[in-house]
Amino acid sequence: MLNPDEKKFLERAIFLSRQGMESGQGGPFGCVIVRDNQIVGEGTNRVTSSNDPTAHAEVVAIREACGKLSTYQLDGCDIYTSCEPCPMCLGAIYWARPRKVVYANTREEAAAIEFDDDFIYTEINAPLGERKIPFIHYPHPGAKEIFVAWKNWEGKTKY
């Protein structure tokens, strides 16, 4: 059960999903990010309007919130989204490290309107040789050298 504030933030994400869809920005998805009961980031799906396959509502909102808060992590923030995040957004959310995610529609409901993330979930678990897009591992000493330099670099910012 959501408290009144949580319900208000989820309803804002749902409102944004309709607004983005009806304005032609992209698919029917919206997201808000909240810290201390204040919205610090909002996003709608902008994939088709920006020609950016990564411009999902959650990613757009994470970028806005991180910019506003001048941080690359969303400690103490909550994410409210109109639909269960896709695998890409799930990864972005885990990298951002919010406290929680509240969502309305499920990925099964998204699949019913032809947003089927199951293909990607299946691909993630498929052996490299069986993926639909070939992934070719070619070890290179120059790449390894940079990883060693990072490991030993005292000036790095860990994340």
Side-chain angles (χ1 to χ4, degrees), residues 13 16-17 20-21 24-36 38-159:
L16 290 171
S17 71
M21 176 187 74
Q25 288 182 341
F29 305 99
C31 180
V32 298
I33 299 177
V34 175
R35 179 190 266 174
D36 297 328
Q38 298 294 316
I39 294 175
V40 295
E42 293 187 331
T44 60
N45 181 288
R46 298 179 186 170
V47 170
T48 57
S49 63
S50 66
N51 294 316
D52 179 355
T54 69
H56 289 200
E58 295 89 343
V59 172
V60 171
I62 287 169
R63 289 174 180 161
E64 183 176 288
C66 287
K68 186 173 188 176
L69 298 172
S70 298
T71 183
Y72 54 89
Q73 293 187 334
L74 297 175
D75 298 324
C77 292
D78 300 325
I79 295 179
Y80 297 86
T81 185
S82 64
C83 187
E84 183 177 355
C86 75
M88 178 187 67
C89 293
L90 184 64
I93 288 165
Y94 271 91
W95 282 117
R97 295 178 173 88
R99 284 190 309 197
K100 69 180 176 188
V101 176
V102 178
Y103 63 94
N105 293 321
T106 66
R107 65 184 181 191
E108 292 81 13
E109 291 168 321
I113 61 165
E114 299 179 355
F115 288 94
D116 193 356
D117 302 334
D118 191 54
F119 167 73
I120 299 170
Y121 282 106
T122 300
E123 285 288 290
I124 288 170
N125 293 316
L128 290 179
E130 296 177 19
R131 288 186 179 171
K132 304 293 185 230
I133 297 174
F135 279 70
I136 301 160
H137 178 222
Y138 184 81
H140 192 285
K144 187 64 146 183
E145 185 179 295
I146 293 168
F147 271 19
V148 170
W150 173 262
K151 181 180 178 185
N152 296 324
W153 186 31
E154 292 182 18
K156 67 183 166 224
T157 301
K158 292 184 179 182
Y159 60 97

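These figures come from a predicted structure and were not determined experimentally. Quick note: residue numbers are just sequence positions, from 1.
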Partners of [X] by side chain to side chain donor-acceptor pair (under 3.5 Å), sequence neighbours excluded?
X: N105; result: none
X: R35; result: none
X: E42; result: R12

Inset, instruction - Check salt bridge (Lys or Arg N to Asp or Glu O under 4.0 Å) between R97 and all other residues, then give those that pass, not counting sequence neighbours. - result: none

Legend entry - Test salt bridge (Lys or Arg N to Asp or Glu O under 4.0 Å) applied to E64 - qualifying residues, sequence neighbours left out: none

Considering only distance and modelled atom types, tabulate donor-acceptor pairs under 3.5 Å from the side chains of residues 54-61, sequence neighbours left out.
{"unit_1": "T54", "atom_1": "OG1", "unit_2": "D52", "atom_2": "OD1", "d": "2.6"}
{"unit_1": "T54", "atom_1": "OG1", "unit_2": "D52", "atom_2": "OD2", "d": "3.3"}
{"unit_1": "T54", "atom_1": "OG1", "unit_2": "R63", "atom_2": "NH2", "d": "3.4"}
{"unit_1": "H56", "atom_1": "NE2", "unit_2": "P53", "atom_2": "O", "d": "3.4"}
{"unit_1": "E58", "atom_1": "OE2", "unit_2": "T81", "atom_2": "OG1", "d": "2.9"}

Distance-only donor-acceptor pairs under 3.5 Å for side chains of residues 109-117, two or more places apart:
{"unit_1": "E109", "atom_1": "OE1", "unit_2": "T106", "atom_2": "N", "d": "2.7"}
{"unit_1": "E109", "atom_1": "OE1", "unit_2": "T106", "atom_2": "OG1", "d": "3.4"}
{"unit_1": "D116", "atom_1": "OD1", "unit_2": "D118", "atom_2": "N", "d": "3.0"}

Inset, instruction - Grab the two heavy atoms, one from S49 and one from G24, that are nearest each other, plus how far apart they are. - result: CB-O, 3.9 Å

Legend entry - Which atom of L16 lies closest to which atom of C31, heavy atoms considered: CD1-O, 3.6 Å

To the nearest 0.5 Å, what is the distance between [atom1] ([X]) and [atom2] ([Y])?
X: D36; Y: C77; atom1: CG; atom2: SG; answer: 8.0 Å
X: C86; Y: I120; atom1: SG; atom2: CD1; answer: 6.0 Å
X: E108; Y: C83; atom1: CD; atom2: SG; answer: 9.5 Å
X: I62; Y: I33; atom1: CD1; atom2: CD1; answer: 5.0 Å
X: K132; Y: T122; atom1: NZ; atom2: OG1; answer: 9.0 Å

If the condition is side-chain contact (heavy atoms from CB on, under 4.5 Å), which residues does [X] pass it with, not counting sequence neighbours?
X: I136; answer: none
X: Y138; answer: H140
X: I133; answer: F135

Inset, instruction - Decide yes or no on side-chain contact (heavy atoms from CB on, under 4.5 Å) for R46 and F29, but give the supporting numbers first. - result: CA-CA 9 Å; R46 298 179 186 170; F29 305 99; over 6 Å; no

Legend entry - Cation-pi check, R107 onto Y121 ring (under 6.0 Å, within 45° of axis): yes

Legend entry - Sub-4.5 Å side-chain heavy-atom contact between P98 and D78: no

Inset, instruction - Please tell me if the side chains of L69 and L74 come closer than 4.5 Å, counting only heavy atoms from C-beta onward. - result: yes

Legend entry - ring-ring contact (aromatic ring centres under 6.0 Å, His included): pairs with one or both residues in residues 82-108, sequence neighbours excluded: none

Under 3.5 Å donor-acceptor pairs involving side-chain atoms of residues 144-159, not counting sequence neighbours:
{"unit_1": "N152", "atom_1": "ND2", "unit_2": "V148", "atom_2": "O", "d": "3.2"}
{"unit_1": "K156", "atom_1": "NZ", "unit_2": "W150", "atom_2": "O", "d": "2.8"}
{"unit_1": "K156", "atom_1": "NZ", "unit_2": "K151", "atom_2": "O", "d": "2.7"}

